[in-house]
> 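My questions will all concern the structure given below.
Order of listing sets the numbers, starting from 1, for every ligand and every atom in it. Predicted model, so just to flag it, every value in this text is computed and none were measured.
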Amino acid sequence: MTEKTSLVGLSIAELTSFVTALGEPAYRGKQIFAALHQRRLRSFEEMTDLPKALRDVLNEKATAATLIVESKYQSTDGTRRYLMKTHDDLPVETVFIPEERRDTICFSSQSGCPLQCTFCLTAQLGLLRSLTPGEIVEQIIIALNDVYGAGEKTPRGTNLVGMGAGEPFLNFDSLLNALRIMSEPQGLFIVPHRVTVSTAGIVPRIREVAQIPDRPNLAISLAAPTNELRDELMPINKKWPLEELLAACKEFEETLKPGEHFTFEYVMLAGKNDSEEHARQLANLLNRHELHAKVNLIPHNPAEPLPYQPSSADTVERFKLILESKGVHAYIRKPRGRDIFAACGQLAARRENNNFQAIKQSMVAL
Ligand code: SAH
């Protein structure tokens with residue numbers, strides 16, 4: 001199976017080369033692309049507009065789907081979490097979040113994550129491997145098919161956030177390829193301005209994205225206003241400390257075009273990074289770098305065995321008011337899907353009778 005080509009990860013041009021190499025006419029490339037991405041078909045059998053002989057050849061040489069949904073969890077707030085596995089048995093998680101006027105799908109860029117943020121459960125898996133472009137795109141196809149049915153039109157717009165497991169900027173090429181495939185009008189047609197990618201602060205990639213014309217919106221995870229605290233919470237800070245990170249952010253901000261969004265994320269951990277002094281330090285830091293981006297305050301989503309609790313609603317509100325009194329826009333993000341381990345920082349291949357990798361934890365009441 002592994003030697004077969006996964007067609008979901010190919011662009012129209014690549015798919016066209018693939019079919020012409022099989023001796024087929026070039027237009028079959030576009031036809032198969034539309035079947036995979038616009039009609040969201042997951043098997044060649046269903047592509048009945050292709051000759052039977054071609055479907056047989058495709059079955060022999062290629063795959064229309066590689067991810068398998070292992071389990072699905074649905075939250076009381078409508079959020080759905082999919083725990084899937086790759087052909088080599090690694091966990092991939094995706095979260096579907098219905099909102100009033102749009103749907104948001106949170107996808108993973110890696111199985112596990114190499115970063116060791118102390119407040120994030122995914123860190124405990126370590127990096128299993130980076131996902132291929134096809135595996136990134138398949139997550140969106142699977143979620144949409146589950147919610148609306150294969151091939152059915154989606155009634156609302158779909159936004160994507162690259163905030164699931166993994167560090168997207170450590171899987172940069174596959175991420176950009178996947179986004180390009182998903183933006184095709186003949187496919188899913190989810191354009192870059194509907195996509196937000198979150199990074200823990202891989203500085204060279206932030207600079208690179210600043211030079212890319214068709215790029216997604218960017219979010220930067222801060223979590224702390226000083227190097228001392230950020231080194232502890234997000235060890236990646238030792239490699240690219242705050243001053244360097246924020247200088248790259250400023251470079252990026254200067255390239256923003258109308259309609260593009262740039263935000264900071266700040267996870268609020270009770271008694272750790274949520275004091276009034278932290279709020280003042282954060283505002284001063286952003287002001288010193290002349291950054292105008294909004295700060296999203298994310299109350300911590302607790303999960304055993306993480307050693308933190310969320311800040312109280314009052315504390316978060318006070319933090320926000322201090323930021324705003326210093327001219328920094330702030331927004332409090334409402335957690336979704338906490339009850340099914342679908343919220344930020346809770347993706348760690350959890351399931352009932354969990355025995356994936358080394359993760360064996362009991363469900364905690366939230
Ligand atoms: N590696 C990327 C993307 C994944 S994390 C990054 O670091 O940005 C997406 C967001 O979830 C980040 O802003 C992170 O700070 C936040 N997060 C991680 N663990 C969390 C938790 N337990 N509770 C709330 N937010 C969390």
> Step through the shown structure and confirm whether more than 12 heavy atoms of other residues, nucleotides or ligands are within 6.0 Å of NZ on Lys30.
no
> Tell me which protein heavy atom sits closest to atom 23 (N) of ligand 1, plus the residue, atom name and distance to 0.1 Å.
Asn301 N, 2.8 Å
> Is ligand 1 under 4.0 Å from a heavy atom in the side chain of Ile220, in the backbone, in both, or in neither?
neither
> With a heavy-atom distance limit of 4.0 Å, tell me whether Glu265 approaches ligand 1 through its side chain, its backbone, both, or neither.
side chain
> Taking atom types as modelled, is there a side-chain donor on Thr63 or Thr66 under 3.5 Å from an acceptor on the other?
no
> Is it the case that atom CD in Glu317 sees more than 12 heavy atoms from other parts of the structure closer than 6.0 Å?
yes
> Considering only heavy atoms of His300, which atoms of ligand 1 have at least one such atom less than 4.0 Å away?
21 (C), 22 (N), 23 (N), 24 (C)
> Please list, in number order, the atoms of ligand 1 under 4.0 Å from a heavy atom of Glu167.
1 (N), 2 (C), 6 (C)
> According to ring-ring contact (aromatic ring centres under 6.0 Å, His included), who are the partners of Phe262, at least two apart in sequence or on a separate chain?
Phe252, Phe264
> State whether Tyr331 and Lys294 meet the cation-pi test: NZ (Lys) or CZ (Arg) under 6.0 Å from the six-membered ring centroid, and within 45° of the perpendicular axis.
yes
> Check each heavy atom of Ile298 against ligand 1 and say whether those closer than 4.0 Å belong to the side chain, the backbone, both or neither.
side chain
> If you count the atoms of ligand 1 from 1 in the order shown, which ones are under 4.0 Å from a heavy atom of Gly164?
4 (C)
> Give the residue and atom name of whichever protein heavy atom lies nearest to atom 13 (O) of ligand 1, and the separation in Å to one decimal.
Ser221 OG, 2.7 Å
> Would a line drawn from the ring center of Phe319 to the ring center of Tyr266 be shorter than 6.0 Å?
yes
> Just checking, Arg55 and Phe44: is the charged tip under 6.0 Å from the six-membered ring centre and within 45° of the axis?
no
> Could you list which atoms of ligand 1 come closer than 4.0 Å to a heavy atom of Ala200?
6 (C), 7 (O), 8 (O)
> Tell me if the NE2 atom of His329 is crowded by more than 12 foreign heavy atoms within 6.0 Å.
no
> Considering heavy atoms of the protein only, find what lies nearest to atom 5 (S) of ligand 1 and give residue, atom and distance to 0.1 Å.
Met163 O, 4.0 Å
> What is the nearest protein non-hydrogen atom to atom 11 (O) of ligand 1, stated with its residue, atom name and distance?
Cys344 CB, 3.4 Å
> Exactly one of Arg80, Arg194, Arg156, Arg336 should register a salt bridge (Lys or Arg N to Asp or Glu O under 4.0 Å) with Asp103. Which one does?
Arg156
> Heavy atom to atom 1 (N) of ligand 1, shortest distance: which of Ser109, Ser198, Gly166 holds it?
Gly166
> To the nearest 0.1 Å, how far is atom 19 (N) of ligand 1 from its closest protein heavy atom, and which atom is that?
Gly345 CA, 3.0 Å
> Looking only at protein heavy atoms, which one is nearest to atom 22 (N) of ligand 1, and what is the separation?
Phe119 O, 2.8 Å
